[in-house]
Every structure is written in structure tokens, then in C-alpha cells.
Amino acid sequence: MKKLLIILVLFFPKVLLAYECDFDKLIPGKTKKQLEELNIYAYGPEENGIFIYNINSFDICKEDLSKVHGLTINLFFKKNDLIKVNYENNIPNNSILFDIANNVYKLNFKRDQTKVLKKQPESYSLDKGQNSYFYLNVKANDNQREFLEIIDDTKIDELEKAILKSEEPKQ
């Protein structure tokens with residue numbers, strides 16, 4: 001039995017870390033219509049051409065939610081196109097977003113073990129295709145908060161302009 005477990009860990013690590021969730025379908029470039037296949041109906045009023053839709057892991061996961069129950073996900077749309085995905089994990093001592101970044105999005109981030117041992121913040125970034133991926137793990141004492149952000153590089157300027165415009169005082 002031990003040999004079987006060792007073989008599974010060495011040759012099929014993705015199976016052991018698999019989530020029955022559709023995280024891989026939450027990437028910039030998807031349309032609202034495509035996300036309806038995941039039962040995500042992202043419709044509502046836009047502000048300056050931007051619509052933000054909030055979901056949690058219960059909305060896109062099928063079975064065992066124990067690993068992902070603390071995730072919140074913000075989807076940013078410009079008209080019908082998903083242009084930014086923000087994940088946030090508030091569960092202490094659970095690095096689920098690091099696992100999702102590497103196992104779902106295939107980013108191959110390598111942990112800085114010095115920072116891990118000293119409980120210092122970690123941040124990693126990578127450009128892949130037309131998307132940028134940013135991972136941040138902020139630590140304080142024995143608690144941590146993780147963030148994973150995926151941005152469509154071709155449309156980020158539009159999002160930033162809309163955010164700045166929404167922060168201007170209303171006259």
C-alpha cells in the first residue's frame with residue numbers, strides 16, 4: 001500500500017491536489033455567455049463600462065469544498081468580456097491559491113523558502129500569453145491572506161481608467 005501511495009504522489013501529484021472546481025475556466029477572454037455554462041450569470045448595472053461580479057467557491061465547485069471553502073472570487077467585465085479575475089483566500093495557514101496557481105493555471109511558481117520559514121510576505125508574478133498573473137501571500141503572526149490576480153494585459157488600461165473615473169468626485 002505504501003508503494004502505491006508513493007507512486008501516486010510521484011507520478012500523479014495533480015490527482016491528489018485536484019479540485020472539482022472550474023477554476024481553469026475563469027480566465028480573462030471568456031465572455032459572459034461562456035460563463036453561463038458554469039452557472040455564472042454576470043449581469044447587472046455597469047459603472048463606467050465595468051461590471052464586477054462576486055462569486056465564491058460554492059458557485060463553481062462540485063464536491064469536496066473543504067479545501068476551497070474560504071475563497072472569494074471577483075470577476076471584472078468590460079461589456080461582455082472578462083478582463084480580470086481576483087481570488088482571495090482568508091483561511092489561515094492554507095495556501096490553496098498557490099496550489100491553484102501552479103496546478104490549475106500551470107504557472108510553476110517556486111516558493112522562496114527563506115520567506116516561508118521567516119513568515120514573511122511572498123509575491124510572485126508571471127506573464128503568460130496576453131495575461132499577467134500575480135500571487136501575494138501576506139503574513140502576520142500565524143495568520144495569512146492569499147491573493148491571486150489574473151489580468152488581460154490588452155484591456156487593463158480600460159479597467160484602470162474606469163476605476164479612476166469612478167473615484168472622481170461626483171458633480
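Because the structure is predicted, anything quoted here is derived from the model rather than measured.
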Next on the checklist: Please check if the number of heavy atoms outside K128 that lie under 6.0 Å from its NZ is greater than 12.
Outcome noted: yes

### Message
Could you tell me if K32 sits above the aromatic ring of Y41, with its cationic atom closer than 6.0 Å to the ring centre and no more than 45 degrees from the axis?
### Response
no

Next on the checklist: Looking at N102 and N108, would you say the former's side chain and the latter's main chain have a donor-acceptor pair under 3.5 Å?
Outcome noted: yes

Please determine whether residues L136 and I156 belong to a single hydrophobic cluster, defined as Ile, Leu, Val, Met, Phe, Trp and Tyr linked transitively by side-chain heavy-atom distances below 4.5 Å. no

- request: For residues Y135 and F98, establish whether the separation of their ring centroids is below 6.0 Å.
  value: yes

Show, in sequence, the C-alpha distance, side-chain angles and deciding distance for V85 and N74, and conclude whether the side chain to side chain contact (heavy atoms under 4.5 Å, CB included) test is met.
CA-CA 6 Å; V85 180; N74 298 312; over 6 Å; no

*Stepwise side chain to side chain donor-acceptor pair (under 3.5 Å) test for S132 and D153*: CA-CA 6 Å; S132 291; D153 293 332; 2.6 Å; yes

*asked:* Assess the residue pair K84 and D152 against the criterion (salt bridge (Lys or Arg N to Asp or Glu O under 4.0 Å)); give the C-alpha distance rounded to whole Å, side-chain angles, the decisive distance to 0.1 Å, and a yes or no.
replied: CA-CA 6 Å; K84 181 178 177 185; D152 181 334; over 6 Å; no

### Query
Heavy atoms, side chains only, cut-off 4.5 Å: are D112 and Y124 in contact?
yes

| query | Would I151 and F134 satisfy side chain to side chain contact (heavy atoms under 4.5 Å, CB included), going step by step from the backbone distance to the final call? | reply | CA-CA 9 Å; I151 300 170; F134 301 97; 3.8 Å; yes

Measure the shortest side-chain to side-chain distance between D81 and K155 over non-hydrogen atoms and say whether it is less than 4.5 angstrom. yes

* Asked: Is any side-chain N of the basic residue among D22 and K62 closer than 4.0 Å to the acidic one's carboxylate O?
  -> yes

* Between the side chains of E146 and Y87, is a donor N or O closer than 3.5 angstrom to an acceptor N or O? -> no

Measuring only between side-chain heavy atoms, which start at C-beta, is I96 closer than 4.5 Å to L71? yes

Closest non-hydrogen contact found for K30 with K25 is CG-O, 3.4 Å

